[in-house]
Amino acid sequence: MDYNYREIEQRWQAYWRSHHTYRTSIDPSRPKYYVLDMFPYPSGAGLHVGHPLGYIASDIYSRYKRLQGFNVLHPMGYDAYGLPAEQYAIQTGQHPEVTTTQNIARYREQLDKIGFCYDWEREVRTCDPAYYKWTQWAFLKMFKSYYDTVQDKARPIEELVAYFEAHGSQDCPAHTSTPQEFTAEQWRAMSKCEKNDVLMNYRIAYRGNTMVNWCAKLGTVLANDEVSEGVSIRGGYPVEQKMMSQWCLRVSAYAPRLLRDLDTIAWSESIKETQRNWIGYSEGAEMTFPVAGSDAELLIFTTRADTIFGVTFMVLAPESDYVDVVTTPAQRAAVEAYLDEVKHKTERERMIDKRVSGVFSGSYAINPVTGKEIPIYISDYVLAGYGTGAIMAVPAHDSRDYAFARHFDLPIIPLIEGADVSQESFDAKEGIMMNSSNERLQLNGLQVKEAIARTKEYIAEAGIGHVKVNYRLRDAIFSRQRYWGEPFPIYYDEDGQPQPLDENLLPLQLPEVDKFLPTEDGEPPLGRAQNWTTADGHPLELCTMPGFAGSSAYYLRYMDPRNDEALVSREANEYWRQVDLYVGGTEHATGHLIYSRFWNKFLYDYCYVCEAEPFKKLINQGMIQGRSNFVYRIKDTNTFVSYNLKDKYDVTPIHVDVNIVSADALDLDKFRAWRPEFATAEFILENGKYICGWAIEKMSKSMFNVVNPDDIVERYGADTLRLYEMFLGPVEASKPWDTNGIDGVNRFLKRLWALFYSRDEFVVSDDKASADALKSAHKLIKKVTADIEAFSYNTSVAAFMICVNELTTLKCHNREVLEPIVVLIAPFAPHIAEELWHALGHDTTVCDAQWPVCNEDYLVESTVKYTVMIKGRPRYNIEVPADTPSDQVQAIALAHEGAAKWLEGNAPKKVIVVPNKLVNIVI
RNA sequence: GCCCGGAUGGUGGAAUGGUAGACACGAGGGACUUAAAAUCCCUUGGCCAUUGCGGCUGUGUGGGUUCAAGUCCCACUCCGGGUACCA
């Protein structure tokens, strides 16, 4: 009986399905383990071989943990809201729900063929009303909350209202980016609308007037992580900055915790570092500079308080509120012209155009330490969104200020001994201060770090500023002017004020529309919906939520996916707690992985979840790139020349479908059938074959290098695909897909099969196995267990190959040896393992077996070989009984005839014995 | 610019400071076969010597530490990823 993967895989997949083998439930008697994949967006192209890489890795770990006795939660679902389905809907009129459902069915079919151990009864889809009910619910909670900076957590907004009633805004412990000042009396005197407007500045989900990334082509705003280098990640369309009123999430309030708690999770240093950079902690000082001849003061932020003596001008962001205050009548026209120019530049243009630009405001500020008057400029190199939107410029020690000073011919005062600022600024935070002392503050002679500390002390004493920590992390813009997303549970009252929908009315279902385009008057697509109002006729919010809304808490929903009463029950959450192992790509480092942590922390503040971090350990699988193949057509002919002969001709490389190429050899008949124009193709072959050229490129339809897992499964079986993807290299590494080595893995499975079956006969015996065979098997147990724990699956697969080769050579067909090996291979190649397990006479599935334990006794050697090194090279070997003390090993090594030969009469200077390995004799 | 990774045969990749190149692909040779496929065996970093068992060299470059360095330290080159007027 040959290894018939097709029949085996179909049979066992059907068995698992009908027996609910992978159904999971809460079982307090067993320890839990939660393994999660980043759920996919079901695109129309289906899965390619890159998708399952991470899924296979996590599946192996899930099965391994299960065999070790853990109760493993390993769910899967779909991130079903997204732009492509909507774009497709706009083009074809096909409802996104229809295409999404179709795509999900296709994904499921493809996933099923690979033999994953998902508990599909826990599947979630973000576009399912029963699911997004809880996305909306969380949003409502955020709307009804503020962030208390003293308790350091989210609290109900009523508590803030009570505070305002009693104290006004004095020492208000709430996080806001637009502080306001009012007394308790003033608060009480406010109208309902005024109060609402004030509270909006504190809510965690709030409506704010902010600079947003507006993508005209997509007709929607985008979050910072959805934009890269001035264009949208999806589609690559230009993005511009625009002031708009949008729903936002106060993620910035959580910046300190998001930063701090990175130390508590087992993620790769690189992704933690990316998050640290994105959060952007920066400790500095805020200082006030009085404006000469006015009551106004400029508040600035700096990390280089020590350079206060080198401030020769001030710069305001064009959007800064100070601009109006400091612009003198004489300069007004020039300033307005500049503001107008800046406004018409898109973000992209601003980035490309690095030229210095700016305008003098007409006013002067007074340096609070030196008392000198310095001019105030306006320039777009200062950002409104960071710090205070105003800076003190120190051209000698900041390259941007330096460029500005040179352009406008402003003085440059060096402050660090030995720094040459004639050509460029000296930005490093090191050196000894000079030109930095007067009767108020003396910094000369201090190191930069000391000077920073001293200046901070001084400005606090003098009442001109205070120490301040800034974060780069922005609040998340949460509105999208799109159809295919979660509707907001928000309506607008008579005064046009946003109001929360009653929780009992959730889910607020996405309405039908006639077209998926914006309305004629520029409203989002939901403006087309009939009766998009509350029961009493109030209009509902027209925007929908962004993609990350539904993906922020999905891991919680898997714990209790059909619960109507809560996102997750306390019982389920306290059992499953958090994701123990999360597997996914690095591309989510600054998006999903920040939003999820934020969302989880918000829920944690209200004790809806019991863990402060959602994902304990994170593994980032690499990307599988495409390996494109080329044929070389001789110019102006229909003749194609093989790769190694192509240099003799004038050729054009043409992408050829990799699916008609095998090990770089072109299938000529398939090529002729591939496209009509190649039907009459002629070939110049080498060694009877047409060899194609190749290149590593992104896997994409246009390069004809997309390989579907289905094709591999069809040709080699799912177990071969699984093993091969793991064998290709470390899970974390990006690598090109290359089928050149797949035969080796397939051969390995056939050899494994041959240990059980010879021709049609089952040849496993119950006899006692040889010591060598047992040693081989137990070595494997040890190696594979250690490798899986370290996610080193490629070396595991190699170890399997070695072991099977050894057993084949030993002609070992003993149950004692083969049975543990079947269990070991089960996580990697579950179908063949199941079949062999069954053949060994077991009624249960291999999934319920016990992970074997290495018996060290089998590995103990009676003798140990030492390599003897003389003059730095291995010269001869000695074999001594195990546990021989090293001085005796040394004596034996020196007594060997080889010693005399290689020492050539020299006395050994030094002898090093490395236990169980080698003896190094130095002469 | 800044912050992270990385660089090992023809290829993918192995190597707790201890005989570099595991395992696999590819290539070459052989066995079995009328033949092919499949399977099995041998060789395979490079150079030299192959009627001898061997010698030299070798992990991006240049230094260093060490009895011993792919591995640790310093400097540099190149490649990949992230991020950027963040004061």
For A:Tyr471 and A:Ser252, test the side chains for any donor-to-acceptor distance below 3.5 angstrom and give the result as yes or no.
no
Any chance CG of A:Asn805 has more than 12 other-residue heavy atoms, nucleotides or ligands included, within less than 6.0 Å?
yes
So what's the dot-bracket for RNA chain B: Watson-Crick or G-U pairs under 3.5 Å, [ ] if a pair crosses, | if it pairs off-strand?
(((((((..(((.....[....)))((((((.......))))))((((.....))))..(((((..]....))))))))))))....
Where the side chain of A:Phe727 is concerned, which of B:G13, B:C67, B:G12 is the nearest nucleotide?
B:G12
Just to be sure I understand the rule, does A:Asn805 reach a base, reach only the sugar-phosphate, or reach nothing, if contact means heavy atoms closer than 4.0 Å?
sugar-phosphate
Rounded distance in Å - CD (A:Glu587) to P (B:G80)
19 Å
4.5 Å side-chain heavy-atom contact, A:Asp719 and A:Tyr3
yes
Below 4.0 angstrom from OP1 or OP2 of B:A87, is there any side-chain N or O of A:Tyr386?
yes
Would you kindly give the OH-to-C1' distance between A:Tyr402 and B:A87, to the nearest whole Å?
18 Å
Counting any heavy atom closer than 4.0 Å, what does A:Ile391 reach on the DNA or RNA strands: base, sugar-phosphate only, or nothing?
base
Quick one about A:Asp427 and A:Ser399 (side-chain donor to acceptor, distance below 3.5 Å, no hydrogens or angles considered), yes or no?
yes
Could a donor-acceptor pair under 3.5 angstrom be found where the side chain of A:Asn920 meets the base of B:C67?
yes
Take atom P in B:C47 and the same atom in B:G58, then report the distance between them in whole Å.
15 Å
On RNA chain B, compare the nucleotides closest to A:Ala733 and A:Phe301; which residue's is nearer the 5' end?
A:Ala733
Mind checking if A:Pro730 touches a base, just sugar-phosphate, or nothing, with heavy atoms under 4.0 Å?
sugar-phosphate
Please report the distance, rounded to the nearest Å, between CG in A:Leu749 and P in B:U39.
13 Å
Check step by step if side chain to side chain donor-acceptor pair (under 3.5 Å) holds for A:Asp787 and A:Thr795.
CA-CA 7 Å; A:Asp787 280 351; A:Thr795 52; 3.1 Å; yes
Does one side chain, of A:Tyr724 or A:Asn746, offer a donor that lies under 3.5 Å from an acceptor on the other?
no
Roughly, in whole Å, what's the span from CD in A:Glu283 to C1' in B:C86?
16 Å
Taking O4'-C1'-N9-C4 for purines and O4'-C1'-N1-C2 for pyrimidines, is B:G9 syn (within 90° of 0) or anti?
syn
Is there a donor in the side chain of A:Ser776 and an acceptor in the side chain of A:Glu806, or the other way round, less than 3.5 Å apart?
yes
Test item: side-chain donor near acceptor, A:Asp2 and A:Tyr757, under 3.5 Å:
no
Give one of base, sugar-phosphate or nothing for A:Thr867, where a contact means two heavy atoms less than 4.0 Å apart.
base
How close or far is atom C1' of B:U83 from atom CD of A:Gln275, stated in whole angstroms?
14 Å
Any N or O donor-acceptor pair linking the side chain of A:Lys917 to the base of B:U16 at under 3.5 Å?
yes
Just how far, in rounded Å, is P of B:C25 from CG of A:Leu723?
14 Å
Would you kindly give the CD1-to-P distance between A:Ile271 and B:G81, to the nearest whole Å?
15 Å
Have a look at A:Ile912 and say if it touches a base, only the backbone sugar-phosphate, or nothing, with a 4.0 Å heavy-atom cut-off.
base
Can you tell me, in whole Å, how much space there is between the P of B:G6 and that of B:G13?
14 Å
Given the C1' atoms of B:A24 and B:C74, what is the spacing between them in whole Å?
38 Å
First encountered from the 5' end of RNA chain B, between A:Gly744 and A:Arg304
A:Gly744
If I pick the C1' atom on B:G28 and the same atom on B:G82, what distance separates them, to the nearest angstrom?
45 Å
Pairwise C1' distance for B:A75 and B:C23, with rounding to whole Å
36 Å
Should A:Lys735 be listed as having a side-chain N or O under 4.0 Å from OP1 or OP2 of B:G12?
no
Inter-nucleotide C1' distance (B:A20, B:G81), Å rounded
29 Å
Quick check with a 6.0 Å cut-off and a 45 degree axis cone: is A:Arg597 positioned over the face of A:Trp278's six-membered ring?
no
With sugar-phosphate meaning primed atoms plus P, OP1 and OP2, does A:Arg747 contact a base, only sugar-phosphate, or nothing at under 4.0 Å between heavy atoms?
sugar-phosphate
Using a cut-off of strictly less than 4.0 Å, decide whether A:Arg751 has a side-chain nitrogen or oxygen near OP1 or OP2 of B:C23.
no
Round to a whole Å and report the spacing from CD of A:Glu424 to P of B:C85.
21 Å
Does OP1 or OP2 of B:A24 have a side-chain N or O of A:Asn794 closer than 4.0 Å?
no
Closest approach to the side chain of A:Leu918, judged atom by atom: which nucleotide of B:U19, B:C86, B:C67 is it?
B:U19
